[in-house]
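Chain A is the first sequence line, chain B the second, and so forth, proteins listed ahead of strands; every chain is numbered from 1.
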Amino acid sequence: MIQAPDLEFAAVLPLLALAVGAFGVLVAELWLTARGTGPNRAGTALVGLSAAVLLFAGILAAQGFATGAAPSFNPAHPLIRLDRFANFATALVAGATLLACLLSNGYLQEKRLHHGEYYALLLLSAAGMALLVASVDLVSAFLGIELLSIPLYVLAGFDRGALRSNESSLKYFVLGSFASAILLYGMALVYGATGATHYGAIAAALDPTNRLAQIGVGLVIVGFTFKVAAVPFHQWAPDVYEGAPTSVTAFMATAVKIAAFVGLARIATEAFANVEGLRALFGALSAATMVIGSFMAVIQESVKRMLAYSSISHAGFLLVALAAGGDEAHAALLFYLAVYSVALLGVFAAIVSLAHRGQEAERFEDFDGLASIRPGLAAALALFLISLAGIPGTAGFFGKLLVILAAVRAEQLPLAILMALSSVVSLFYYLRLPVAMYMRPLRVRDHRERSDFLELGVLAACAVLVLWLGLAPNGLPALPGLHAVEWTRASAASLTQLP
Amino acid sequence: MNELPLLSLVTFLPVASILLLLSAEAAAAFGGVRLWPGLWRVTGLVSALLTFALSWLLWAGYDPTRVEFQFVEHAAWIPDLGIHYYAGIDGVSLLLILLTTALVPIVMIASWKEVTHSLPSWVFFLLLLETGMVGTFAALNLFQFYLFWELMLVPMAFVIGIWGGPRRIHAAVKFFLFTLVGSLLMLVAILVVVDLHERQFGAMTFDLVALPGSGGRALLDTVIPVAGAPWWQTQGWLFGAFALAFAIKIPLVPLHTWLPDAHVEAPTAGSVLLAAVLLKMGAYGFVRLALPLFPLASAELVPVFFGLALVGILYGALVAMVQTDVKKLVAYSSVAHLGFVVLGIFALNVEGLEGGILQMVNHGLSTGALFLLVGMLYERRHSREISEFGGIAKPMPVFAALFVIVVMSSIGVPMLNGFVGEFLILLGAFEVSPAVGATATLGVVLAAAAMLWMTRRVLFGPVEKPENRGLIDLDWRERGVLVVLLIPILWIGIHPETFLKRLHPSVLELLRVMEERAAATPEGAAGPESAGTAALWWPPEREAGG
């Protein structure tokens, strides 16, 4: 007789919801097509369905977070542990995917790309992220990374008729597979050196002087660095971000970054905690990433490429938190991921809501004088960019403050100073859009006159979040329940408590 | 505390009226109604005047005999991180807040004809700027200070960039980037100080001084070492980071290059607020933060700052002399004036500090008025070249009279405000070093020469250009604006005691805090009780080795 293992389904509920939701979307599309519903109406219905699935997954994660339990799926062989850190990250991923999903509707209609697979692939990728952030084992972590990447390769090439989109997809696929191979090779070496795949067991068995283990750890870090687009493994990002449909870029630049950074933070603290020089490695990577990301962003002429390089430099800022290490830094990491994603999704929502008849606002000139015809949109876009640049009063500043504080506490002063200086450079390129919108005369351009109401909703939601997280991240007398700073701290505290 | 939160009202009334206007706009858009186009401007002006009236209540309620911060408000904001909403004013902030709230309605009226496009944004940015400026002067929590400090940059950059001259975008971006470099390094330094405080006292706080009566510890209780710690925890480097931010803002030569660009390109209202208030932020930062937090480093670096101030005074005056553009000339004379302010502050004695702070207000009034006058001339002739004018006194006698008075006030003629400030500063400087005092006095002469030469070429002599014959003299709006500015100019000149009385306790308190903190620092002459907190963190052998 085989005894059925004691499974705790609570540990995989958000993951299951996302995966089942993805197939639900596929089936729903078949049904809608069979009924002869037009592509746009069907698309809107599918957006609604996906949004409901994501909302449900987010609520499940939030509930798990509130109870504070950390169930493992199979306590005998824990591959997945849904602790607060994972729950928080899952909720973030679900939120980012939800916003990306909502801002896709109008854009896909304009581009005539409305197909149900789009939303199914988004949900599948999000499921991969939910798996990655909760993984406490090399095997499930790898599975998570592949599950999040493969749908993205398809999504990057979703604009089948466009050469650039195809190029983007192929590039991402080839380089991504290469990175996956390196990651897997590293995992194999770690397994060879320690005889374990579970993070806790690796941490216990890892001999920091063992060359094999060192190389293995290094290769695993390289694999993750590719996913977060940190220098020197960043070259794919600008091309892929530029070529992919803008709504996909929004998803890639935010949700993927959340999942990969959370996965990296977990593996670095739970499995490789006693590897010497790991923090120094993160420090060196972050310094290179900040500097190269910011300076390359300055010379870009395309808005999407500028955003791609700027997201590389944000990866550098996030690596500062990893270089600092400790609960405080991990809390800062989560907070920064949240504020970065919110602001960047807002920027992309503004860009996609200008797309008209297949044309997109891609160059800086396309934004000239926008404030005079779309004042609300211009104001929101300026707010998001100012937040990304880290000006006080916005969420981005608070994120930067927490990361710099963590670096100061860890006595990583050079990184803190470098981060401050890169922020100045970042202001230079982020200001280019507000300057164009407010200070240059209008050029006649074929912008859409009205945004889709979902896009407006995303813009409004992001603006509210940016102001909330920037001005009162720990609740207001009027809104006592919203303690974002405390949430991130509680999440980070659950990270290192291994059984 | 139990009565009206007056200080918060003064700070947030401008932003509150923005929110009101925005919601009215949104409601109108929703209901499909068009709002009256003058609504923003009129509401903005009313709100600025109301703010000014409220700040008079601050003036009236301020007790000049007390040394501690007054109108204190303290509320939890992010208590885990030691971030509170903590506002309070002393004599220094009181004068500067009053200057700010007075100038905002004045520039709104003065720019009534100059600014005609994008009016809602204009009012929006001016009022946001006002909240930023007042908030900075009222902040006693460093997080709050930093927030308002940078909050000012955004509206100012937009004011320059949207309504400025032909090279406005260049000027706006340069202004923003220059000031941000210093600010962000200061942020790192603030966090280092907060971290040091937490290591010494076990709790995190951004409060500069403890809330009176709470018995808590604040940043001014932190012992900041001079040596014997990692380099980034020492007073020298931390002071350097703060000083860089403030020196860029003041601006001290050689960090001043953003100033002429920003001033020349900015619209009149922007120039006035930039010169009158934003430049004061740097000097205010020294007085409020850098000197009390790092007394030993400040004392050690006095020669450096004296040198920079003298270079600023002489360079500013000499460069002003050769300018052909009136506005640029005034901008460079600002560099010289701010050199005086720095000179006074770093004399680190009562006369110098009082003079320096009073000169901040004086410069705000005189240079503000000068920029207004230049703006009025520009509106008529669309030129600021000195060679385009000459003999303006004939067609515009009222303008000429006011111009001469303001120039006199700017160069420090007795009975006008500039004299009092410069006199006190020179008194303080002579006390420290007669050579420095003498050189600065030479600077007074040079600055006066530059201004008077310009006045002669613009106002007097024959009217050579035919365009200048038909110039219309100032109307009632313009006269009113200037006369309002002349009142404090004369008042400070004739009876400075009204203002000095309010500054005196605050300045004495600053010097006392500096002395106390210098004594408590391990390398200083450590008294037996002050060594108590220091020994917690600094091992005794390091203290002895100092």
Notebook entry, point to check: Under a 4.5 Å heavy-atom cutoff, which of B/Leu185, B/Val192, B/Val181, B/Leu191 has the most pairs with chain A?
Noted result: B/Leu191
Notebook entry, point to check: Heavy-atom distance under 4.5 Å to chain A: side chain of B/Ala157, backbone, both or neither?
Noted result: backbone
Checklist line | Side chain, backbone, both or neither of B/Phe143 within contact of chain A (heavy atoms, under 4.5 Å) | finding: side chain
Item checked: Part of A/Arg489 within contact of chain B (heavy atom distance under 4.5 Å) -> side chain
Notebook entry, point to check: Do side-chain atoms of B/Trp77 reach the backbone of A/Asn474 as a donor and acceptor pair under 3.5 angstrom?
Noted result: no
Item checked: Verdict with supporting geometry, B/Trp237 and A/Leu413, side-chain contact (heavy atoms from CB on, under 4.5 Å) -> CA-CA 12 Å; B/Trp237 287 97; A/Leu413 251 281; over 6 Å; no
Checklist line | Which portion of A/Leu405 sits near chain B, non-hydrogen atoms under 4.5 angstrom | finding: both
Next item on the list: Quick one: closest heavy-atom pair of A/Ser423 and B/Leu184, and the distance?
Entry: CB-CD1, 3.7 Å
Margin query: Once you measure the plane-to-plane angle for B/Tyr146 and A/Phe397, does it fall in the parallel (<30°), tilted (30-60°) or perpendicular (>60°) bin?
Written below: parallel
Next item on the list: Taking all non-hydrogen atoms of both residues into account, name the closest pair between A/Met439 and B/Arg168 and its distance.
Entry: O-NH2, 2.7 Å
Notebook entry, point to check: Any side-chain heavy atom of A/Pro392 sitting closer than 4.5 Å to one from B/Trp149?
Noted result: no
Next item on the list: Determine the option with the most heavy-atom pairs under 4.5 angstrom with chain B, choosing from A/Val408, A/Val425, A/Leu431.
Entry: A/Val408
Check: Is any NZ, NE, NH1 or NH2 atom of the basic residue among A/Lys400 and B/Glu150 found under 4.0 Å from an Asp or Glu carboxylate oxygen of the other?
Finding: no
Next item on the list: Tell me, out of B/Ile83, B/Val188, B/Ile169, B/Leu187, who's got the most heavy-atom pairs with chain A below 4.5 Å.
Entry: B/Ile169
Check: What part of B/Trp231 gets closer than 4.5 Å to chain A, counting heavy atoms only: side chain, backbone, both or neither?
Finding: side chain
Notebook entry, point to check: Between CG of B/Leu147 and CG of A/Leu471, what distance do you get to the nearest 0.5 Å?
Noted result: 6.5 Å
Note to self: Does A/Phe295, at its CZ atom, have more than 12 non-hydrogen atoms belonging to other residues, nucleotides or ligands within less than 6.0 Å?
What the structure shows: no
Check: Tell me, side chain or backbone of A/Ile404 under 4.5 Å from chain B's heavy atoms, or both, or neither?
Finding: both
Checklist line | Spacing of B/Asp80 atom CG and A/His483 atom NE2 [to the nearest 0.5 Å] | finding: 9.0 Å
Next item on the list: Inspect the surroundings of CZ in A/Phe428 and state if more than 12 heavy atoms from other residues, nucleotides or ligands are less than 6.0 Å away.
Entry: no
Next item on the list: Let me know if A/Leu401 has heavy atoms under 4.5 Å from chain B in its side chain, its backbone, both or neither.
Entry: both
Next item on the list: With rounding to the nearest 0.5 Å, note down the distance linking CG in A/Leu427 to CZ in B/Phe176.
Entry: 5.0 Å
Notebook entry, point to check: Looking at B/Ile190, B/Val154, B/Leu81, B/Leu153, which one has more heavy-atom pairs under 4.5 Å with chain A than the rest?
Noted result: B/Leu81
Item checked: B/Leu151 versus chain A, the contacting section by heavy-atom distance below 4.5 Å -> side chain
Next item on the list: Apply side-chain contact (heavy atoms from CB on, under 4.5 Å) to B/Trp232 and A/Ile417, showing your working.
Entry: CA-CA 11 Å; B/Trp232 41 271; A/Ile417 293 171; over 6 Å; no
Checklist line | chain A contact via B/Met204 - side chain, backbone, both or neither, heavy atoms under 4.5 Å | finding: side chain
